[in-house]
2 protein chains.
Amino acid sequence: MELILATQACIVEGGIRQATVRKIAAAAGVTPGLIRHYFPDKDDLFCATYKFTMTEMARLPVLAAQDIEAGAIERLHLFVRASLSSPVMSPRHHQLWASFTSLMRSVPALAAVHRDSYLEFRQECGSLVAEVLREQRQAVSTRKLDQLAAAVNAVLDGLWLEGCLASDLFEAGEIADIGIRSVDALLGIDSN
Amino acid sequence: MELILATQACIVEGGIRQATVRKIAAAAGVTPGLIRHYFPDKDDLFCATYKFTMTEMARLPVLAAQDIEAGAIERLHLFVRASLSSPVMSPRHHQLWASFTSLMRSVPALAAVHRDSYLEFRQECGSLVAEVLREQRQAVSTRKLDQLAAAVNAVLDGLWLEGCLASDLFEAGEIADIGIRSVDALLGIDSN
DNA sequence: ACGCTTATTATACATATGTACAATAAGCCC
DNA sequence: GGGCTTATTGTACATATGTATAATAAGCGT
């Protein structure tokens, strides 16, 4: 666990390139040899760190959407706002995410982690969308539902990217506002 | 130019990690020393390759949107479809894009390239959106227009990501269809 | 043919890097 | 406390890697 946090720190500070076994060990306050005691090789450590990071990132939005008091639309809005606010939306998380996705091609295990977390997040989008539509007494085919989930997921991903990398172009909370309005538009909800 | 193409090939094949000076030179059919004759260092070669790649990717969508015969909405649709179809949307381009963005932190010059191409693409979105709104006699503030452009840009980015990485989950052309419907919804256009 | 610029190679070097392994320290159960 | 498992270190190695530089070939205008 210490090693995973140290790996995150190294990647955030200098990107994948600088995240060497030695630097990670130094950041964790141990010697390089220890890493191989816990992980068969460096890619395995990266894989564990990737998994941890994705879980960490999905936690807040999913938690926000579990507000049992709220209605479906409100829950979706909470989910969107949590996804498009700090700390989920941050240069730090983008750096981690980008670093790992760039390794998918050379490390198949990382591709599997990505696929898992992607499907999980998209399913969360799908559930929330489904509840909203049910609340609105709107019946749609599963295919249309899947497509709506993909679209909602896409807006969130895209705005998340913009927010992580160009937060200076937006005011505080503006991206989340755009996200909520966009999702409403996608689902045909009349905002205001 | 040969070197830039060789760099692309190496990154696509094995990711940034395997894109070493020697492998790039081998792919280009030259010796490693030649690279330093044209580029001060490796990061500079990466920078040039990134710029080339982004230009390459923006070409088709921008070209498609220049159809002078078509109306504003149709031009926007052509733009969306080109952005969300092969070859713009492909594992190849994703691998290139992901590799370079993961280096932004450690190579500031790459961050500048990213910022430029991002702003350019977003502005293209903005122009197309503005024309559609004008065609619809819909007046909006510049701020709202910027936000709409950001949202359209986000949907395109997000769907592009999904399509590059999970094309097996969609049928041919389905992502582009979703994109067009989503953009229509964002702009309040009644599809069909 | 000459001279100059550009293209290209060959070789070398210092260092960074992932990995391996034997040795030592620490924790813990009986 | 003895003995066993686990945690941790130190060191070594083979190799990959970016970079530097001198030497050579090629192109080309005059």
Side-chain angles (χ1 to χ4, degrees), chain A residues 1-53 95-96 98-111 113, chain B residues 1-53 95-96 98-111 113:
Chain A
M1 177 55 70
E2 301 291 331
L3 292 176
I4 289 180
L5 294 178
T7 305
Q8 281 190 327
C10 286
I11 292 177
V12 167
E13 201 202 340
I16 276 282
R17 274 177 156 180
Q18 321 247 350
T20 71
V21 183
R22 283 166 178 78
K23 286 200 181 142
I24 292 170
V30 298
T31 46
L34 191 59
I35 289 180
R36 277 195 33 90
H37 183 68
Y38 289 100
F39 299 94
D41 59 12
K42 193 189 170 190
D43 289 342
D44 211 75
L45 169 59
F46 277 175
C47 204
T49 307
Y50 188 22
K51 224 177 281 186
F52 176 79
T53 304
Q95 177 62 29
L96 290 167
S99 299
F100 290 127
T101 53
S102 77
L103 292 182
M104 283 193 307
R105 188 64 52 110
S106 44
V107 186
L110 286 180
V113 175
Chain B
M1 178 53 72
E2 301 291 331
L3 292 176
I4 289 179
L5 294 179
T7 305
Q8 281 190 326
C10 285
I11 291 177
V12 168
E13 203 203 339
I16 277 283
R17 274 178 155 179
Q18 321 248 351
T20 72
V21 184
R22 283 166 177 79
K23 286 201 182 141
I24 292 169
V30 298
T31 48
L34 191 59
I35 289 180
R36 276 193 38 88
H37 183 69
Y38 289 100
F39 299 94
D41 59 11
K42 194 190 170 191
D43 288 343
D44 212 75
L45 169 59
F46 277 176
C47 205
T49 308
Y50 188 22
K51 222 176 283 187
F52 176 79
T53 304
Q95 176 64 28
L96 290 167
S99 299
F100 290 127
T101 54
S102 77
L103 292 182
M104 284 193 306
R105 188 63 51 110
S106 44
V107 186
L110 287 180
V113 175

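Chain A is the first sequence line, chain B the second, and so forth, proteins listed ahead of strands; every chain is numbered from 1.
- The ring pair (Phe, Tyr, Trp, His ring centres under 6.0 Å) pairs that include a residue from residues 31-50 of chain B are Tyr50(B)-Phe100(B), where partners are two or more places apart or lie in different chains.
- Gln18(B) CD: more than 12 foreign heavy atoms inside a 6.0 Å radius.
- Pairing each heavy atom of Gln95(B) with each of Ile16(B), the nearest pair is NE2-N, 4.4 Å.
- Between Ala6(B) and Ile24(B), the closest heavy-atom pair is CB-O, 3.5 Å.
- Between Met1(B) atom CE and dA7(C) atom P the separation is 14 Å, expressed in whole Å.
- Applying the salt bridge (Lys or Arg N to Asp or Glu O under 4.0 Å) test to Arg22(B) and every residue at least two apart in sequence or in another chain returns nothing.
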Note to self: Using a 4.0 Å heavy-atom cut-off to protein, can you give one letter per nucleotide of nucleotides 6-19 of chain D, 5' to 3': B if the base is in contact, S if only the sugar-phosphate is, - if neither?
What the structure shows: -BBBB-B----BBS
